[in-house]
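Could you have a look at this structure, given as structure tokens, before my questions?
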Amino acid sequence: MRTRRLILLILVLALCTPLLSGCSEILQLEEWLFVTDIALDVVDDGFLQVSVHVPSGLMGSGGSGQGDDKQSGGGSSGSDYMISATGNDLSQALVLLQATLPRRLNYSQVREITCSEVLARSDAMPGLIRQLATLSQMRIAANLSVCRGNASEYLRLQQSYFGARLTEFIDVRLRNAWHFGFTVTTTLSAAIKHQLGEHGSFAASYVAVHNDDAVMPLSDGRTLDALPGNLPRRNVISTESLGAALFRNGRMIGATTGFGTSMTQILAGTIQVIDYQHQNTTYLLSQRRPSKLRVQLQADGRYLLSATVYIDVERSLTSEHAPAEELRAALTQDLLQQISFYQSLSCDIPGFWRQAIRQYATIDQWHALDWPSQFHNAVATVDVHLTELPAL
């Protein structure tokens, strides 16, 4: 018995020996620069400029270097370094960026990838999304955003506030904006999936640098029915996220406001809490049950798009408020207008395609349908079920 145990112990030790290989192959932090966010811009003569943020603690205590004005450069932004390079395409710019740095770039911690709107609307954008996803060690859970202006300026002003490191600050900012329906969040992997998938449409975060000289005037309308860049506010944070950039087949084709994204979240059944304004009174809306989207082929050959939403509404004791039926009619009309807006762009952001595709036995039959065209010509209906909660 003892002999058997001894033999078994020797075998176990022999099998464990390869695991005790020392630390020669571990990731040495001193050899890497961890990128937190990336900005992509089209610059002079159609060149692509790539800018990255690197935490200064991982780069060393020295100052930022200045490279050739046309091709590479660096600058300090708070506790982080911003480094950029320019090339004919993404591969060339990244090679130049790496060649001018003392350590290897690591993309496993990237939180946000921001493209300028000029680039997002260009024919180069679909291929660029695929290239980004195939970069070595790229974090495909990084959020994809579109900047109304210069993406590198947005990146320069992207700093950590309120005691959080930059990666955590970006994550929390995106989650907060999504939670209240201000914007959407789409990861790099989701963008690839939709771009190469069954319908080709998706929405990305819409961002901008705040312009103090072009502040949007206050009106009696909806506060969030606007785009980022000129909101009437003062804040230590110079960047804004509001609304969504709309993509079809990998290219940006339009944008919707912050109010539009909140209506879209209601249709998709993903809202947490949103403010809804009607006749100068604000109501708090939340999801009671998941929304239901249906698609049905009619006798005239057009599709009927049906959305049923279940909403809880909280009213304030301090304001005059509309009757429930009037509020339901207003919300129904707003949801129908949002669907109609997406139909005008042939861009099925709410996701009716998920129901339509079930009616076809093969992928070839589905592709032959040409869903963007069918969605564009469809008839839409919305049924809103409102449940009044006790007043605040």
Side-chain angles (χ1 to χ4, degrees), residues 146 174 176-186 199 201-206 216 219-228 231 240-248 253-295 304-314 322 324-355 375-376 378-387:
V146 174
L174 291 169
N176 179 71
W178 175 85
H179 179 89
F180 291 104
F182 300 154
T183 187
V184 299
T185 55
T186 297
H199 67 111
S201 299
F202 67 90
S205 301
Y206 205 29
M216 177 185 69
S219 66
D220 295 333
R222 299 182 176 92
T223 304
L224 297 181
D225 198 9
L227 297 172
L231 300 179
E240 297 175 352
S241 300
L242 188 67
L246 308 178
F247 282 76
R248 190 177 70 238
I253 59 171
T256 189
T257 65
F259 179 77
T261 59
S262 65
M263 293 298 99
T264 305
Q265 285 197 11
I266 291 177
L267 290 169
T270 59
I271 69 166
Q272 302 296 312
V273 178
I274 65 171
D275 291 325
Y276 179 73
Q277 293 174 306
H278 175 64
Q279 294 184 348
N280 298 326
T281 300
T282 299
Y283 302 88
L284 198 63
L285 305 184
S286 58
Q287 201 89 36
R288 170 169 286 271
R289 291 170 50 189
S291 300
K292 295 180 180 179
L293 301 182
R294 296 182 178 88
V295 173
L304 175 65
L305 311 176
S306 302
T308 305
V309 300
Y310 304 88
I311 301 297
D312 287 338
V313 55
E314 295 184 22
E325 186 58 31
E326 179 182 328
L327 187 62
R328 188 190 72 83
L331 183 56
T332 299
Q333 184 62 29
D334 288 333
L335 292 171
L336 282 171
Q337 288 180 355
Q338 192 63 33
I339 295 175
S340 178
F341 172 70
Y342 288 139
Q343 287 182 284
S344 68
L345 298 174
S346 302
C347 194
D348 184 7
I349 301 300
F352 287 99
W353 66 272
R354 293 185 177 89
Q355 303 302 318
F375 177 73
H376 178 83
V379 179
T381 64
V382 173
D383 185 15
V384 176
H385 294 257
L386 277 184
T387 301

Where do L267 and L335 come nearest, in terms of heavy atoms and distance?
CG-CD2, 3.9 Å
Quick one: NE2 on H385 to NZ on K292, what's the gap to the nearest 0.5 Å?
8.5 Å
Given side chains that start at C-beta, do those of F259 and D334 come closer than 4.5 Å, heavy atoms only?
yes
Measure across C347 and L246 and return the closest heavy-atom pair with its distance rounded to 0.1 Å.
SG-CB, 4.3 Å
Flag the pair T282 / Y276 as yes when at least one side-chain heavy-atom distance between them is below 4.5 Å, and no otherwise.
no
Compare every heavy atom of T183 with every heavy atom of S205, then report the nearest pair and how far apart it is.
CA-OG1, 3.6 Å
Okay, side chain of Q287, backbone of I311: is any donor-acceptor separation there less than 3.5 Å?
no
Residue pair F375 / F352, side-chain heavy-atom distance below 4.5 Å:
yes
CD-CG distance between E314 and L285, expressed to the nearest 0.5 angstrom
9.5 Å
Should L284 and V273 count as side-chain neighbours, where that means a heavy-atom distance under 4.5 Å?
yes
Tell me, do V313 and T387 make a side-chain contact under 4.5 Å, heavy atoms counted?
no
Which side chain to side chain donor-acceptor pair (under 3.5 Å) pairs, counting each pair once, include a residue from residues 255-269, with sequence neighbours left out?
D225-T257, T256-Q338, T264-Y342
Might you point out which heavy atoms bring Q355 and L293 nearest each other, and give the distance in Å?
CG-O, 3.0 Å
Chi angles and distances behind the side chain to side chain contact (heavy atoms under 4.5 Å, CB included) call for Q279, E326
CA-CA 11 Å; Q279 294 184 348; E326 179 182 328; 2.9 Å; yes
Does a side-chain heavy-atom distance below 4.5 Å link Y283 with L327?
yes
Does D275 form a side chain to side chain contact (heavy atoms under 4.5 Å, CB included) with F180? I'd like the steps, not just the answer.
CA-CA 8 Å; D275 291 325; F180 291 104; 5.9 Å; no
Separation between CZ of R288 and OH of Y310, rounded to the nearest 0.5 Å
11.5 Å
Gap between atom OG1 of T381 and atom CG of L336 - 0.5 Å precision:
7.5 Å
Scanning both residues in full, the closest heavy-atom pair of D348 with S201 reads N-OG, 3.6 Å
Would you say that S291 contacts T308 through its side chain, given a criterion of any heavy-atom pair below 4.5 Å between the two side chains?
no
Flag side-chain contact, heavy atom, 4.5 Å: V384 against V382:
yes
Rounding to 0.5 Å, atoms CD1 (I349) and CD (Q343) come to a distance of 13.0 Å
Shortest non-hydrogen separation from I253 to L345 and the atoms involved
CD1-O, 3.5 Å
Stepwise side chain to side chain contact (heavy atoms under 4.5 Å, CB included) test for L242 and L227:
CA-CA 6 Å; L242 188 67; L227 297 172; 6.0 Å; no
Give the C-alpha distance, both sets of side-chain angles, the deciding distance and a yes or no for side chain to side chain contact (heavy atoms under 4.5 Å, CB included) between V146 and F247.
CA-CA 11 Å; V146 174; F247 282 76; 3.6 Å; yes
Quick one: pull up OG in S241 and OH in Y206 and give me the separation to the nearest 0.5 Å.
12.0 Å
